[in-house]
Protein chains: 2
Amino acid sequence: MSQDAAYTASRSPEFALLGFLAAGPPTHGYDLHRRLIDELGQVWHASQSQTYNILARLEARGLVGSTVVAQARLPARRLLELTPDGRAQFEAWLAAPTGASIRAMRVDFITRLYFAARLHPEMVPGMVQRELNTAHALLHDLQADLAATPADQPFNRLALDLRIRQLSAVIDWLANCTPNEGVSHAPPLPPDLA
Amino acid sequence: MSQDAAYTASRSPEFALLGFLAAGPPTHGYDLHRRLIDELGQVWHASQSQTYNILARLEARGLVGSTVVAQARLPARRLLELTPDGRAQFEAWLAAPTGASIRAMRVDFITRLYFAARLHPEMVPGMVQRELNTAHALLHDLQADLAATPADQPFNRLALDLRIRQLSAVIDWLANCTPNEGVSHAPPLPPDLA
DNA sequence: CGCGGCTACTCACTCAGTGAGTATACATGA
DNA sequence: TCATGTATACTCACTGAGTGAGTAGCCGCG
């Protein structure tokens with residue numbers, strides 16, 4: 001992942017995995033995969049081997065370190081922990097703005113919210129507001145694109161129209177998006193074991 | 001691409017490229033790429049080398065054949081043509097239902113519409129109707145998922161809520177989806193930033 | 001007459017994503 | 001009791017998505 005240059009839209013749950021390690025004690029791949037499915041299964045879809053792939057890459061990049069720990073009866077675990085560099089990268093990602101695309105809002109932004117709610121809950125309202133601003137700006141751009149797309153590209157116009165509608169749905173959602181209150185119908189998120 | 005098993009959601013524009021060959025005379029990769037960008041640039045995003053990669057795979061799978069044609073001054077072209085197998089696969093894909101996911105509707109379905117409008121325009125209204133039915137069924141499933149997601153997974157609930165809103169936007173779009181008439185614009189959404 | 005942009009394709013690479021395999025432990029119930 | 005299934009924990013080998021740089025001659029433009 002290029003160091004600085006905005007995390008436009010991570011395409012794999014690497015930061016979610018880093019985040020589980022940043023928000024809790026060291027743990028192993030099997031457990032991280034299970035938590036990804038349990039906690040963010042509607043956001044990310046990764047097979048078990050995909051999770052292991054990502055973790056191996058994170059280790060190769062020096063963001064996590066590992067120690068193999070034998071167990072009495074069950075298979076040995078490779079215990080993973082964040083390196084200082086890994087923690088720094090995660091925090092940088094968490095604080096960075098989410099890329100301006102619908103997918104980034106659905107996937108990256110919710111992941112950021114998840115960890116912000118646990119690690120820096122005071123950041124949450126500002127994040128939602130910033131995201132709303134980004135979404136409005138993007139909506140504006142898409143409308144300009146649509147206006148600039150000639151009638152001889154009806155399918156590009158169709159696609160833009162759909163993206164505009166979807167983005168409007170994102171904006172509505174953001175306006176009601178208060179994870180600590182639950183989603184419109186969902187009950188409160190406990191302040192958590194700090 | 002597994003032969004039979006529904007084309008759930010092609011992740012690359014391979015069928016669009018086959019379609020350009022199915023709908024017109026043999027042509028070369030550079031031209032196919034340009035047409036992909038010009039005609040469906042809001043649907044698919046592929047770099048030039050990605051297009052060449054896909055074409056090479058299609059050839060390896062026997063769906064297209066190629067002949068290199070030298071030119072007087074400009075670089076030689078590799079002229080591509082559909083094989084009978086390629087045409088059969090394309091027609092099968094065109095007639096198949098689009099997978100039940102939001103992405104599939106935004107990407108696969110619009111691509112199908114594009115080629116259906118050119119090759120079998122009489123199919124279009126039925127396709128839209130079928131897609132509407134699929135979308136309603138999916139909406140129902142998502143609502144059931146949301147109801148089944150416990151309150152201790154607030155971020156899964158958040159993600160489902162967003163998907164439901166986006167799917168509702170797809171349904172609105174489908175209901176107004178008449179490609180040959182141009183697009184009737186989405187109603188302006190929240191009164192914020194105009 | 002130099003410069004950027006078009007035509008047309010190639011190569012080498014990393015990451016995404018799948019599927020099958022390995023080997024042990026424990027619960028279930030017929 | 002003993003087969004069956006499920007959970008633990010990780011490994012390997014593969015195809016495909018996607019990027020970026022490179023090549024190299026041609027053409028128009030000021």
Side-chain angles (χ1 to χ4, degrees), chain A residues 1-3 5 7-18 26-38 41 43-61 63-64 66-80 99 101 103 107-108, chain B residues 1-3 5 7-17 26-38 41 43-61 63-64 66-80 101 103 107-108:
Chain A
M1 226 73 342
S2 50
Q3 318 287 14
Y7 308 83
T8 43
S10 26
R11 312 173 290 184
S12 83
E14 50 179 14
F15 286 107
L17 296 172
L18 287 179
T27 184
H28 52 100
Y30 187 88
D31 181 52
L32 287 171
H33 177 66
R34 193 173 34 198
R35 280 154 73 176
L36 186 63
I37 301 304
D38 289 351
V43 179
W44 296 102
H45 301 278
S47 65
Q48 197 193 37
S49 45
Q50 174 66 356
T51 299
Y52 282 111
N53 280 345
I54 295 165
L55 291 172
R57 256 178 279 126
L58 291 175
E59 186 166 2
R61 283 163 51 202
L63 306 189
V64 311
S66 78
T67 351
V68 174
V69 178
Q71 296 185 100
R73 310 172 176 286
L74 288 167
R77 294 170 166 175
R78 179 178 293 272
L79 210 68
L80 302 164
S101 81
R103 177 188 152 83
V107 173
D108 265 68
Chain B
M1 207 83 344
S2 48
Q3 317 286 13
Y7 308 83
T8 42
S10 28
R11 310 174 292 183
S12 84
E14 49 180 12
F15 286 107
L17 296 171
T27 183
H28 52 101
Y30 187 89
D31 182 52
L32 286 172
H33 177 67
R34 193 174 32 199
R35 280 154 73 177
L36 186 63
I37 300 304
D38 290 350
V43 179
W44 296 102
H45 301 278
S47 65
Q48 198 192 37
S49 45
Q50 173 68 354
T51 298
Y52 282 111
N53 281 344
I54 295 165
L55 292 171
R57 256 178 278 127
L58 291 175
E59 186 165 3
R61 283 163 51 201
L63 306 189
V64 311
S66 78
T67 351
V68 174
V69 179
Q71 297 186 100
R73 313 172 176 286
L74 288 168
R77 294 170 166 176
R78 179 178 294 270
L79 212 66
L80 301 165
S101 81
R103 178 189 150 82
V107 172
D108 266 69

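Every value quoted in this text rests on a predicted model; they were computed, and no experiment measured them.
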Under 4.0 Å from OP1 or OP2 of C:dA8: is there any side-chain N or O of B:Q71 that close?
yes
With sugar-phosphate meaning primed atoms plus P, OP1 and OP2, does B:A46 contact a base, only sugar-phosphate, or nothing at under 4.0 Å between heavy atoms?
nothing
With a 4.0 Å cutoff (strictly under), does any side-chain N or O of B:Y30 reach OP1 or OP2 of C:dC9?
no
Contact class for B:N53 (heavy atom, under 4.0 Å): base, sugar-phosphate, or nothing?
base
For C:dT24, does either OP1 or OP2 sit under 4.0 Å from a side-chain N or O belonging to A:R73?
no
Spacing of B:E14 atom CD and B:L63 atom CG [to the nearest 0.5 Å]:
8.0 Å
State whether A:S12 places a side-chain N or O below 4.0 Å from either non-bridging phosphate oxygen (OP1 or OP2) of C:dA16.
yes
Please name the residue in the list A:H28, A:E59, A:R77 that meets the side-chain hydrogen bond (donor to acceptor under 3.5 Å, both in side chains) test with A:S66.
A:E59
Does C:dT18 have OP1 or OP2 under 4.0 Å away from a side-chain N or O of A:Q50?
no
Run the numbers on B:R35 and B:T27 for side chain to side chain contact (heavy atoms under 4.5 Å, CB included), then give the verdict.
CA-CA 11 Å; B:R35 280 154 73 177; B:T27 183; 3.8 Å; yes
Are any of A:R34's side-chain N or O atoms less than 4.0 Å away from OP1 or OP2 of D:dT8?
yes
Tell me if the side-chain of A:S49 makes a donor-acceptor pair with the base of C:dG19, cut-off 3.5 Å, by modelled atom types.
yes
Output yes when at least one side-chain N/O atom of A:H45 is less than 4.0 Å from OP1 or OP2 of C:dG17, else no.
no
When you check the phosphate oxygens OP1 and OP2 of D:dG18, does a side-chain N or O of B:R11 lie under 4.0 Å from one of them?
no
Starting from C1' on C:dT10, measure out to NE2 on B:H33 and report it in whole angstrom.
15 Å
Between CD1 of A:I37 and P of D:dT8 the distance, given in whole Å, is 13 Å
